[in-house]
Amino acid sequence: MNETFTIAVDGPAAAGKGTISKALAAHFDLPHLDTGLLYRAVGALTLTGTDPVTAARSLTADDLGRDNLRTPEVAQAASKVAVIADVRAALVDFQRAFARRIGGAVLDGRDIGTVICPNAKAKLFVTASPGVRAERRYLELTGKGLDITREQVLADVVARDDRDMNRAEAPLKPAPDAVLIDTSEMNINDAVTAAIRTVETKTQASR
Ligand code: C5P
């Protein structure tokens, strides 16, 4: 697999992966794929009665553009469909094709460094304590006007972590060669700076 400049960013919910990945993509002028969106789109379709494997096999750009994909219900539905091997298998080719783009790409998710792009040039595992992640997600969701309590958000994050880390297929875990970035005590700028430095070090080392 030709992964000249593929950057893999994995980690649990609300650790800062999305922000870091977008900043890396802008800094290195690369396209970015939020792979969680694929699982969210499949999860959202199951909430309207579609079979998860059928949904994963027939996903369209329209499905990825729906505006309800960031809700807690869809996040839970996503992590439920993400345990199904046939759902994951249906989404592999699209992700790998994106990773192989000429010039490179940034992909973020749960299994990018371990399963989707095991040869990625730089692998980051972005994490933070459950309390810090829940507080960030709480502020994000209430900022969008959602009526939800801190306790509900923490329970959702913990349930999703548990499902993502303990599933048989592509469980959430750092690749052996991933660099860990714990953002619990970092602001966004510090986290992005640490990520850019890590990628630069990794890519220079492999030249
Ligand atoms: O990243 P995000 O929180 O949007 O992902 C939603 C869910 O999709 C995760 O909780 C996880 O279960 C699943 N997912 C996955 N593998 C990925 C990306 C997301 O299993 N590469």
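Keep in mind that what you see is a predicted model, and the values were worked out from it rather than measured. As the structure lists them, so they are numbered: ligands from 1, and atoms in each ligand from 1.
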Taking heavy atoms and a distance under 4.0 Å, where does Arg163 meet ligand 1: side chain, backbone, both or neither?
neither
Does a side-chain heavy-atom distance below 4.5 Å link Leu45 with Thr54?
no
Protein heavy atom at shortest distance from atom 8 (O) of ligand 1
Tyr39 CB, 3.3 Å
Compute the minimum heavy-atom distance from Lys80 to ligand 1 and say whether it is under 4.0 Å.
no
Provide the number and element of each atom of ligand 1 under 4.0 Å from a heavy atom of Ala82.
12 (O), 13 (C), 20 (O)
Can you check whether Thr60's main-chain N or O pairs, donor with acceptor, with Asp63's side chain at less than 3.5 Å?
yes
Between Asp108 and ligand 1, does any nitrogen or oxygen pair lie at a separation below 3.5 Å?
no
Should the heavy atoms of other residues, nucleotides or ligands under 6.0 Å from CD1 of Ile188 be counted, would the total exceed 12?
no
Using a 4.0 Å cut-off to any heavy atom of Ser79, which atoms of ligand 1 qualify?
10 (O), 12 (O)
Minimum-distance protein heavy atom relative to atom 1 (O) of ligand 1:
Arg110 NH1, 2.9 Å
Just list the side-chain donor-acceptor pairs under 3.5 Å for residues 104-112, sequence neighbours left out, or say none.
residue	atom	partner	partner atom	Å
Asp108	OD2	His32	NE2	2.6
Arg110	NE	Gly11	O	3.4
Arg110	NE	Asp164	OD2	3.3
Asp111	OD2	Arg88	NH2	3.0

Asp111 versus ligand 1: do any nitrogen or oxygen atoms come within less than 3.5 Å of each other?
yes
Quick check on side-chain contact (heavy atoms from CB on, under 4.5 Å): which of Arg160, Arg167, Arg40 does Ser79 satisfy it with?
Arg160
Could you tell me whether Arg137 and ligand 1 have an N or O pair separated by under 3.5 Å?
no
Determine whether Lys123 and Asp10 make a side-chain contact, defined as any pair of heavy atoms from C-beta on separated by less than 4.5 Å.
no
Are any of the N/O atoms on Gln95, whether in the backbone or the side chain, positioned under 3.5 angstrom from an N/O atom of ligand 1?
no
Ligand-side contact atoms (ligand 1) for residue partner Ala78, heavy atom cut-off under 4.0 Å
6 (C), 7 (C), 8 (O)
Counting from 1 in the order shown, the ligand 1 atoms closer than 4.0 Å to a non-hydrogen atom of Asp164 are 9 (C), 10 (O), 11 (C), 12 (O)
Quick check: is Ile116 connected to Ile84 through a chain of hydrophobic side chains (ILVMFWY, heavy atoms under 4.5 Å apart)?
yes
Measuring only between side-chain heavy atoms, which start at C-beta, is Pro72 closer than 4.5 Å to Leu146?
yes
If you measure every N/O of Arg160 against every N/O of ligand 1, is any gap under 3.5 Å?
yes
Does the side chain of Thr19 come under 3.5 Å of the side chain of Arg136 through a donor N or O and an acceptor N or O?
no
Using a 4.0 Å heavy-atom cut-off, say whether Arg167 meets ligand 1 through its side chain, its backbone, both or neither.
side chain
